[in-house]
Structure formats: C-alpha cells, structure tokens
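Inspection log for the structure reproduced underneath, given as structure tokens.
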There are 2 protein chains.
Amino acid sequence: MYDLFFQKLNEKISFTAEEQAIISSYLTTKKLRKKQYLLQEGDVCKTIAFVQKGALRAYSVNEKGVENVLQFALEGWIISDLYSFMTGEPATYYIDAIEDCELLLITKAAQEEVFAKVPKYETYSRMQITGAYLAMQKRITSLLSLSLNERYLNFINIYPNIVQRVPQHMVASYLGLTPETVSRIRKRLSAK
Amino acid sequence: MYDLFFQKLNEKISFTAEEQAIISSYLTTKKLRKKQYLLQEGDVCKTIAFVQKGALRAYSVNEKGVENVLQFALEGWIISDLYSFMTGEPATYYIDAIEDCELLLITKAAQEEVFAKVPKYETYSRMQITGAYLAMQKRITSLLSLSLNERYLNFINIYPNIVQRVPQHMVASYLGLTPETVSRIRKRLSAK
DNA sequence: TGATTTCATTGACTATTATCAACGTATTTT
DNA sequence: AAAATACGTTGATAATAGTCAATGAAATCA
C-alpha cells in the first residue's frame with residue numbers, strides 16, 4: 001500500500017517494520033482527479049502530500065491573472081504550501097492535479113506525534129527538506145546565470161519525465177519564460 | 001560569548017543551560033578579515049558558520065569569470081556550502097568576508113553528536129533549514145514574477161541592512177541584474 | 001600622502017525577449 | 001459527433017535590459 005513512500009524513506013534512513021507501522025497509522029490517502037485542487041489560495045494548508053501516483057503543480061496567480069508555477073511533483077515527491085502548513089496562515093498559492101493522482105497525507109499534528117514516537121522520522125524530515133533546499137538553490141543558480149537555451153536544456157536534463165507529462169506552457173512558467181519563447185527555443189534546438 | 005547564537009536558538013525552541021553548555025562545547029570560533037575566504041571552490045566545506053559579527057557572501061564564478069551571488073549572511077545568519085557539507089563533495093562556490101567577521105563553526109561530526117545528545121537541536125536545525133527553504137522560495141517568486149523595479153524594491157524592503165553594508169554590484173548580482181541596471185533603477189526611483 | 005584600484009554613474013547602441021495577433025491542431029465537453 | 005476550449009506555433013513589432021566605453025569619485029594600498 002505505502003510501498004513507494006517507505007522506499008523513499010529507506011533510501012535515506014532504514015526504518016524497522018514497527019516504525020513503519022507507527023508511521024503508517026498517521027497517514028491518510030486521497031485521490032484527486034485531473035484539474036482538481038488540493039489547495040486553494042486563502043485556505044490553510046493542513047497537510048503535506050506525498051505523491052504515490054500522478055502529477056501536480058503549485059502555482060501562484062498575480063493581480064493580472066498570470067500564473068507562476070513554483071513547483072511540480074511526480075511520484076515519490078512531496079508537495080505542500082509549507083509556509084501555510086508551518087504557520088497556519090492562509091496559503092498564498094494553489095496546488096492542483098495535472099493528472100489523476102493518488103496521495104498520502106500527513107497533518108501537522110500527526111507529523112509532530114510521529115517525530116516524538118519515531119525520532120528517526122524527524123531526521124528523515126530534516127534530510128528531505130535539506131534536499132529540497134539544495135534543489136531550489138540550483139534552480140536559483142539556473143535563473144541567475146544560464147542563458148534561456150541553457151536553462152531549458154538544464155531543465156529537460158534534470159527532469160526529462162516532467163517535460164513529457166506536463167503542458168509546455170507550465171514548463172515555460174516554471175522557467176520564467178513565455179510559452180512563445182519556449183516554443184522558439186525548442187525550434188532552435190531541433191534545428192541543430 | 002555565544003549570546004547571539006543562543007538567542008537565535010531560543011527564539012525557536014528553549015534550551016536549558018545544560019543543553020547550551022553541551023552545544024557550546026562543540027563550537028569553535030574563527031575570525032576573518034575583510035576579503036578573506038571562508039571557503040574556496042574545490043575545497044570540501046567542513047563546517048557550517050554562524051555569523052556573530054560581520055558580513056559574508058557565497059558566490060559562484062562561471063567560465064567567463066562572472067560572479068553570481070547566491071547568498072549574503074549578516075549577524076545571526078548561517079552560511080555554508082550545504083551540498084558540500086552534506087556530501088563531502090568539493091564545493092562549487094566561494095564564501096568570503098565582505099567585512100571583518102567573527103564566526104562560530106560546527107563540523108558535521110560535531111553536529112551529529114549534538115543531534116544525538118540534544119535531540120531538540122535537531123528539531124531546531126530542521127526548523128532553521130525549513131526557514132531557509134521558504135526564504136529561497138520567496139526569492140524564486142521574486143525572480144519569476146516581479147518587474148526589475150519591484151524586485152529591487154522588494155529586496156531593500158526585506159533586507160534594508162544588506163543594502164547599506166554591501167557593495168551595489170553584489171546586490172545587483174544577487175538580483176540577477178547588471179550593476180548598470182541597478183544604478184538606473186535607483187535613479188528612476190529617486191526621481192519619484 | 002600620493003598612486004592605484006575599485007566602484008557607481010551615465011550615454012549610445014544592440015540584442016533579446018515579451019507582447020499582440022492569427023492560425024491550425026488537439027483535447028475536452030456536452 | 002459537434003461545438004467549444006485549450007494548446008502550441010509562427011510572424012511582426014515594441015519594450016527592455018545587456019553590452020561597451022568613458023568619467024569621476026571613493027576606497028585601498030604602498
């Protein structure tokens with residue numbers, strides 16, 4: 001049932017069967033159909049979601065209605081409005097399903113009980129957020145120092161599976177480009 | 001001696017005097033003169049540095065010799081090449097002192113012993129990196145969705161103290177702009 | 001203190017990408 | 001199955017920031 005979830009955990013730290021049983025007891029499952037929201041701006045984000053199946057994105061919408069994609073999540077990834085989750089403040093972005101999804105959810109209260117009962121889970125959690133921090137740092141470096149061509153190439157190198165499953169205009173938004181520009185970059189690249 | 005350091009810790013979680021004594025015993029101090037390196041590209045980053053006094057920056061240098069500022073750190077902040085620190089791989093960026101600095105250092109081995117002896121310190125560490133992650137997320141949003149004017153204004157709003165202490169061309173680099181562009185933005189803003 | 005280097009500003013020019021609009025195709029909805 | 005919507009591509013144009021170069025001021029160094 002929770003195979004992928006524990007596979008990911010055990011890649012970083014090994015958990016015993018008992019520990020896994022304790023953790024499991026705090027998880028709930030949720031299915032989302034394509035285009036459904038997991039979270040809407042203004043709601044408080046009550047859970048962190050682990051993706052068992054499907055694809056989601058987190059995005060904000062500015063005054064002019066322009067969408068900015070902050071994050072994608074595929075199988076094995078985690079997605080949440082972490083600021084809202086941590087503070088209880090209303091969310092500043094939306095999370096919705098790009099494909100039909102199966103998720104595992106954990107609430108803040110549940111997470112804290114698991115931290116208390118299975119300290120290794122807090123270590124895992126620290127390592128997980130550290131990894132997310134480092135990935136984000138790479139993204140900033142890519143935004144600051146690469147040409148648009150390199151930025152796109154770098155992206156499809158790191159996330160080949162995203163490019164195949166996500167509409168191009170969302171990728172453009174993630175990269176800070178217009179859809180037209182991504183289309184032209186692809187054209188240039190395919191000409192070579 | 002370690003006043004500022006424990007002040008920062010206690011803002012998030014309170015530590016007893018004993019706990020603070022244990023943690024202290026794992027810290028070392030280091031002074032840096034302006035322009036000295038804390039870390040050079042290619043070295044393994046052995047420590048995380050807490051800034052007691054002064055200002056530093058982390059930056060990478062590309063093939064053309066262009067510097068890209070990834071991070072600033074002032075009093076009370078933490079700075080490190082976390083990827084190198086975590087993995088033991090050679091650092092991909094430099095850290096140097098913008099002003100004379102006084103630092104507290106903790107090695108990876110020391111950190112792990114402290115995690116074992118004072119579990120709360122791991123909780124603190126998780127919260128600290130989570131905060132850094134969220135700050136970085138805001139920076140990405142600023143890079144993706146704000147006009148250059150707004151980006152500069154947003155920066156001086158969040159970090160007024162950095163603008164006063166750091167050369168303008170480093171701020172420009174942090175914002176992904178040329179020094180000329182920042183100069184023109186400032187001119188435009190002062191005209192209003 | 002005088003010399004040297006670093007830094008910020010300004011102007012002229014160029015390259016690049018966003019914007020706007022139109023079109024054809026694919027996908028979704030009813 | 002037909003209609004409506006969403007998506008990607010292409011072209012023309014405009015706006016914007018980068019590049020290059022020169023200057024003066026400030027900070028650093030010897």
Side-chain angles (χ1 to χ4, degrees), chain A residues 32-36 55 57 59 61-69 72 94 96-100 142-153 155-156 162-192, chain B residues 32-36 54-55 57 59 61-69 72 94 96-100 142-156 162-192:
Chain A
L32 274 188
R33 291 238 186 265
K34 188 172 175 173
K35 298 201 173 172
Q36 273 193 302
R57 65 171 172 158
Y59 64 99
V61 179
N62 72 11
E63 326 80 50
K64 291 162 200 150
V66 178
E67 295 179 0
N68 270 100
V69 175
F72 294 112
Y94 297 83
D96 68 9
I98 299 173
E99 303 171 357
D100 292 354
S142 143
L143 285 169
L144 291 181
S145 65
L146 299 184
S147 72
L148 305 200
N149 259 357
E150 291 169 329
R151 209 142 103 203
Y152 181 77
L153 282 171
F155 179 80
I156 62 175
I162 291 183
V163 182
Q164 283 157 8
R165 288 165 63 178
V166 165
Q168 199 166 299
H169 69 274
M170 291 185 192
V171 172
S173 167
Y174 181 91
L175 294 172
L177 306 172
T178 60
E180 292 94 333
T181 297
V182 168
S183 175
R184 289 181 180 119
I185 289 173
R186 283 166 52 88
K187 196 182 176 189
R188 259 185 275 162
L189 291 174
S190 69
K192 289 179 185 169
Chain B
L32 274 188
R33 291 237 186 266
K34 187 172 176 172
K35 297 202 174 172
Q36 273 192 303
R57 65 173 171 156
Y59 64 100
V61 179
N62 73 11
E63 327 79 49
K64 292 164 200 148
V66 178
E67 294 179 2
N68 271 101
V69 175
F72 295 112
Y94 297 83
D96 68 9
I98 299 174
E99 303 172 355
D100 293 353
S142 143
L143 285 169
L144 290 181
S145 66
L146 299 183
S147 72
L148 305 200
N149 260 357
E150 291 168 329
R151 208 141 103 204
Y152 181 77
L153 281 171
N154 181 51
F155 179 80
I156 62 175
I162 290 184
V163 182
Q164 283 157 8
R165 287 165 63 178
V166 164
Q168 199 165 299
H169 71 274
M170 292 186 191
V171 171
S173 167
Y174 181 91
L175 294 172
L177 306 173
T178 60
E180 292 94 332
T181 298
V182 168
S183 175
R184 288 182 180 117
I185 290 172
R186 284 165 52 88
K187 196 181 175 187
R188 260 186 275 162
L189 291 174
S190 70
K192 288 175 188 169

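It should be emphasised that the depicted structure is a prediction, and the values quoted were computed from it without experimental measurement. Below, chains carry the letters A, B, ... as their sequence lines are ordered, and counting in each starts from 1.
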Does the side chain of B/Arg57 pick up a donor-acceptor pair with the side chain of B/Tyr174 at under 3.5 Å? no
Select from B/Pro167 and B/Arg184 the residue whose nearest nucleotide in DNA chain C is closer to the 5' end of that strand. B/Pro167
Could you tell me the separation between the CG atom of A/Leu148 and the CZ atom of A/Arg184, rounded to the nearest 0.5 Å? 12.0 Å
Below 4.0 Å: OP1/OP2 of C/dA8 and any side-chain N or O of B/His169: yes
Would you say B/Thr181 reaches D/dG18's phosphate, i.e. side-chain N/O to OP1/OP2 under 4.0 Å? yes
Let me know the distance between CD1 of A/Ile185 and P of D/dT9, rounded to the nearest Å. 12 Å
Please compare B/Gly176 and B/Lys35 by the position of their nearest nucleotide in DNA chain D and report the one closer to 5'. B/Gly176
Are A/Lys34 and C/dT28 close enough that a side-chain N or O sits under 4.0 Å from OP1 or OP2? yes
Taken to the nearest whole Å, CG/B/Leu143 to C1'/C/dT17 is 17 Å
Without decimals, in angstroms, what is the distance between B/Leu144 CG and C/dA18 P? 12 Å
Can you tell me the distance, in whole Å, between the CD atom of B/Glu67 and the P atom of C/dT6? 12 Å
Side-chain atoms of A/Gln168 come closest, of D/dG8, D/dG18, C/dA8, to D/dG8
To the side chain of A/Leu148, which of C/dT17, C/dT9, D/dT9 is closest? C/dT17
Rounded to whole Å, CD of A/Glu99 lies from P of C/dT28 at a distance of 11 Å
Do side-chain atoms of A/Ser190 reach the backbone of A/Lys187 as a donor and acceptor pair under 3.5 angstrom? yes
Given atom CZ of A/Arg151 and atom C1' of C/dT17, what is their separation to the nearest angstrom? 11 Å
On the nucleotide D/dG18, are OP1 or OP2 found under 4.0 Å from the side-chain N or O atoms that B/Thr178 carries? yes
Taken to the nearest whole Å, CG/A/Leu177 to P/D/dT9 is 14 Å
Separation of C/dC7 P from B/Ile98 CD1 (nearest whole Å): 11 Å
Using the side-chain heavy atoms of B/Glu180, tell me which of these nucleotides is nearest: D/dT10, D/dG18, D/dA21. D/dA21
Strictly below 4.0 Å, N to O, side chains only: are A/Arg33 and A/Asp100 in salt-bridge contact? yes
Could you give me the CA-CA distance, side-chain angles and deciding distance for B/Leu143 and A/Leu144, then say whether side chain to side chain contact (heavy atoms under 4.5 Å, CB included) is met? CA-CA 9 Å; B/Leu143 285 169; A/Leu144 291 181; 4.1 Å; yes
